[in-house]
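What you see below is based on every heavy atom in this structure, not just the backbone, and it leaves out hydrogens, waters and symmetry mates.
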Amino acid sequence: MRITCPLCGERDRREFTYRGAALDAPAADDGAEAWHSHVHLRQNPAGPLEEWWHHQQGCGSWIRVRRDTVSHVMLASALAKPEDADGGSA
Amino acid sequence: MRISGWGQSGEAREVGFTFNGQALRGRDGEPLAAALLANGIHLVGRSFKYHRPRGILTAGSEEPNALVTLGEGAQQEPNVRATTLPLFEGLSARSQNCWPSVGFDVMALNDLAAPFLGAGFYYKTFMWPAEFWERLYEPLIRRAAGLGALSGAPDDAAYEKAFGFCDLLVVGAGPAGLMAALTAARAGLDVILCDEDVTPGGRLQSERDTIADAPAQAWIDATVAELDSCDNVRRMARTTVTGVYDQGTYAALEMVPQSSGRAGRACFWRLMAKRAILATGALERPIAFANNDRPGIMMAGAVRSYLNRWGVAPGERVSVFANNDHAHRTARDLVAAGVHVAAVIDSRHDAPQSDLFRVIRGATVCNASGRRRLESITLRSVGGEEKLQTDCLAMSGGWNPTLHLTCHLNARPRWRRDLACFIPEPDAVPGLDPAGACRGRFSTAQALQDGADAALRALKALGKSAGPADVPKAEADSYGIQPLWSVPGRGRAWVDFQNDVTVKDICQSAAENFRSVEHMKRYTTQGMATDQGKSSNVVALAVLAEATDRSIAETGTTTFRPPFVPVALGAMGAGATGMGFAPRRMLSSHQVAEERGATMMEVGLWYRASYFPKPGETSWRQSCDREVGYVRNAVGIADVSTLGKIDIQGPDAARLLEYVYVNRFSKLAPGRVRYGLMLREDGFVMDDGTTACLGENHYVMTTTTAAAGQAMAHLEFVTQVLQPQWNVRISSVTEQWAQFSIAGPKARALLQDLAGAGFVPSDWPFMSCGQLQLGDVMARLFRISFSGEEAYELAVPSRYGESLFRLLLERAEAVGGGPYGLEALNVLRLEKGFLTHAEINGTASLHDLGLEEMMNPDAPCVGQVMAGREGLVARDRMRLVGIRPTDPGERLSAGAHLFDPDDSVERKNDQGYVTSVGHSPTLGHMIGLALIKSGPDRIGDPIRMVDHTAGLDVICDIVEPVFFDPEGERARG
């Protein structure tokens, strides 16, 4: 598979580490039920899925990748943290 | 038999080679098979199961029979196809699966027993008693059946791997592939053209076609010359595309000839292509009839290859058996070369006649005789049976498009009744466009046009425009196939030559209700082993279709999987041996440690000193005890640079620390260090370490060696995904800083000696940090302790690590101390009950480690909610305690399980396990940490430690996990 890193371009998937479905984390004060669901329960769809990939052997970016789990087609990828997200300088 | 002046390969120089010890002559670069045929050798090997004499069937990589072994010892290479192995001076090949010789093979007795050895024989016969299978039956069967054998020695041949990138990958350099590559190259695409063969041209090299009214070779030469002159074309010969993977990734195996001067035997390529054109041509299929496996019975196209390309006639009196027009060329070309053609036997009643040779219409070959070499065939027609003397039979049951690669992503091919073959579905693989014979366009004219059209489609898809391609005129001869799969009759008719599968075996499979093509394959083993049924698959499923009264389309195909040709594991894993598999990370102190004879230990990829033996010491324990003594009584120096170091800066740095650590960090002042614990999202402990505040908004975090990568990825996840709005930057600086522990009662004095007036001890209370000037170098000093003694960690940029380590050792040794290694470091931390990843093992919660008090409930942190789950805080969980043998002379062992002294030793009574052990020279006995059910509630109780592998059964006391200086007075000093 080839994954497009928004910073580095299209790269071999072996440069990346897979984390899993890109889910919005519950708030810290949400209860154990919400966290249990977040940590343990997955839809595992056959088709497009938003996932987290870490460009660990590259620039270190966490990337939100939209991948078809049936065809492995990479539909989209975007930085988890947009470059202007924190108002700081890179 | 060599035909003088015939053959497009020209007159190469003669070379000497040996086959089964016999010295022979052949032509440089021709396939071994051609050289053998030129020497009149047809008997090349023995079959897999029945040890039947076998010859050469094909002229390509699909060869099922003519497999030989090359080389000796570690260099031994089994199952090399004689049909694709270029001859060179001194080549030495031998037959396989025969003993004592290929001519007289003892195991050929199997053939006499064949009535009992049909499909399913092994499954049915070797059932009972069950334990005999592994001990007796399987070894016996394995010895009797099989292909070539590996030497058993490690493969020391060099292999290479490489990556390639292109706009357009063209697979196959026959007429379609060359035309496609040329069209794309002229339009400016970056093209990679891979071809399995040594020379380009594909089947054109084996035929006597004309292109643009000239011999096809002239067109090949001109096309290749133009391609080779293009900077945007990489032409790869001897390169077989072996697999198709996602998003235009293709695997290819390039065989590297010794003459190239390159180191490797083969190079495994990963090719990344925006588009690809499949121009792999077609493979001819045999017809099943009785004894169709006699040496001398070959594919009709292969006979043309040996004749027209290599100038070798495989027989002196050749016959042809076919169901299509193409095969008649074989007779035509043989006659032109002056070889006698006995007859063309054609199953079609309307087969074309010829003035040049006898054509017997509506006839089939129903038997063949001649055990080691074909002597005669029996043919059957309306006129009855007739015996025909012939020493070579060229057979053709039609052509199967080489569509395997189109099925690697799980697509299935479609049956074309009119062509009696499967063709690939369009878009079977996204971006891969089949062209030419591999999609049923069998004539040269069709192939050229199809290649050009596919290139134009690729250009369009890549957003390039191009005018119509200039396609030269070529032959568009007829095919006229009428299906013929097997000839009925007595005797075994072979379908799969490599696995000895007959028509009868397939019918038996169907009769026993293994009717699915996948079941039939596994029941009969049809289509397995090195050729993966390239010549047998379609015939087999046609026979199955008939036996089960279904159409071929309904019967379907088995699954084609990579690799298309056998690939040595050494090639796939090229470079991944030794240091290529596990690179070594060396510390800046590595050389000094080696100079002192340190025994090194692998910690992940790091190499760390385990202990530093002194003359006279005979065991590691003596060295370790002495080194522990340095720290407890004087001063010890250890390289601790392998700990992960993460530099954290930014206005939100403190918030980040507060969020990833369970304990309070927001109030950590510049110049102070704090111990912290991190949880995973699921509430279990991930890692521990210290974080130092170097200045406002500037921290350096240390992680354990083991979790350095995980912690860094975690911080990146938190800062980028969970809290992207925080203004904080992190960077791993593990390798930028060399860091040394200076531990022991004399550590302070050593630092005073080293730094002079710059070091004022009262400025450095426990858990302080700051900068320290050492000559011209600004170092960082941390007053932290992993030994329980007054200790400092001194960090300098890595390039100064070695010289600092030498300086520290010199001073330590002057006051009765010295270096200590990992063994001593482990004992020191055990005496203090400090944790490592033996305890933080992924199943331990804060509560299990006795650290629940550290949780700051006022600030949210990663894992906080999950860590509070009932199951993670239960009293009866396995929780951390210390253990020591009740009899101080007894040994402990890490990993040993623990039981109540009164219980039997079985799993249901398991109370926990020992995580770490060491011999404490300070206390004079072994000590350990353990995770025990309700551990802290059982302090003072006895527990039984059992380690069957070490033969230990020891009664221990459960104690507090801190064995030495529980109040911590020594470290605070």
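- With a 4.5 Å cut-off on non-hydrogen atoms, A:H72 touches chain B through its backbone and its side chain both.
- With a 4.5 Å cut-off on non-hydrogen atoms, B:F163 touches chain A through its side chain but not through its backbone.
- With a threshold of 4.5 angstrom between heavy atoms, A:D24 does not approach chain B through any atom at all.
- Summarising the geometry of A:A85 relative to B:P724, their closest heavy-atom pair is CB-O, 3.6 Å, with the distance given to 0.1 Å.
- Top candidate by heavy-atom pairs under 4.5 Å with chain A, chosen from B:Q864, B:Q725, B:R869, is B:Q725.
- Taking A:M1, A:K81, A:H40 one by one and counting their heavy-atom pairs under 4.5 Å with chain B, the maximum is reached by A:K81.
- In this structure, CD on B:Q710 lies 10.0 Å from CD on A:Q56, to the nearest 0.5 angstrom.
- Annotation for A:L41: atom CG counts as buried by contact number, over 12 foreign heavy atoms lying within 6.0 Å.
- For the options A:S61, A:A32, A:P82, heavy-atom pairs under 4.5 Å to chain B are most numerous at A:S61.
- Residue B:L722 comes nearest to A:A25 through the heavy atom pair CD2-CB, 3.9 Å, listed as atom of the first residue, atom of the second, then distance.
- For B:T719, the part lying under 4.5 angstrom from a heavy atom of chain A is the backbone only.
- Listed here is the closest heavy atom pair of B:D682 and A:V39: CB-CG1, 3.8 Å.
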Next on the checklist: One pair to check against side chain to side chain contact (heavy atoms under 4.5 Å, CB included): A:R14 and B:R270. What are the steps and the verdict?
Outcome noted: CA-CA 13 Å; A:R14 272 163 291 199; B:R270 289 175 179 86; 3.0 Å; yes
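- Few gaps surround CG on B:D858; more than 12 heavy atoms of other groups in view lie less than 6.0 Å from it.
- At most 12 heavy atoms of other shown residues, nucleotides or ligands fall within 6.0 angstrom of atom CG in B:D427.
- Within the 4.5 angstrom heavy-atom criterion, only backbone atoms of B:V728 (N, CA, C, O) approach chain A.
- Crowding of B:E696 atom CD: a count of heavy atoms from other residues, nucleotides or ligands under 6.0 Å not exceeding 12.
- By number of non-hydrogen pairs under 4.5 angstrom with chain A, the leading residue of B:M272, B:Q723, B:R680 is B:M272.
- Atom CZ of B:R561 has 12 or fewer heavy atoms from other residues, nucleotides or ligands within 6.0 Å.
- One finds a salt bridge joining A:R19 and B:E681 here, because a Lys/Arg side-chain nitrogen approaches an Asp/Glu carboxylate oxygen to under 4.0 Å.
- Contact of B:F717 with chain A is made through backbone and side chain together, with heavy-atom distances under 4.5 Å.
- No donor-acceptor pair closer than 3.5 Å links the side chain of B:E716 to the backbone N or O of A:H55.
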Next on the checklist: Run B:V721 and A:H54 through side chain to side chain contact (heavy atoms under 4.5 Å, CB included) and show every step you take.
Outcome noted: CA-CA 11 Å; B:V721 179; A:H54 187 205; over 6 Å; no
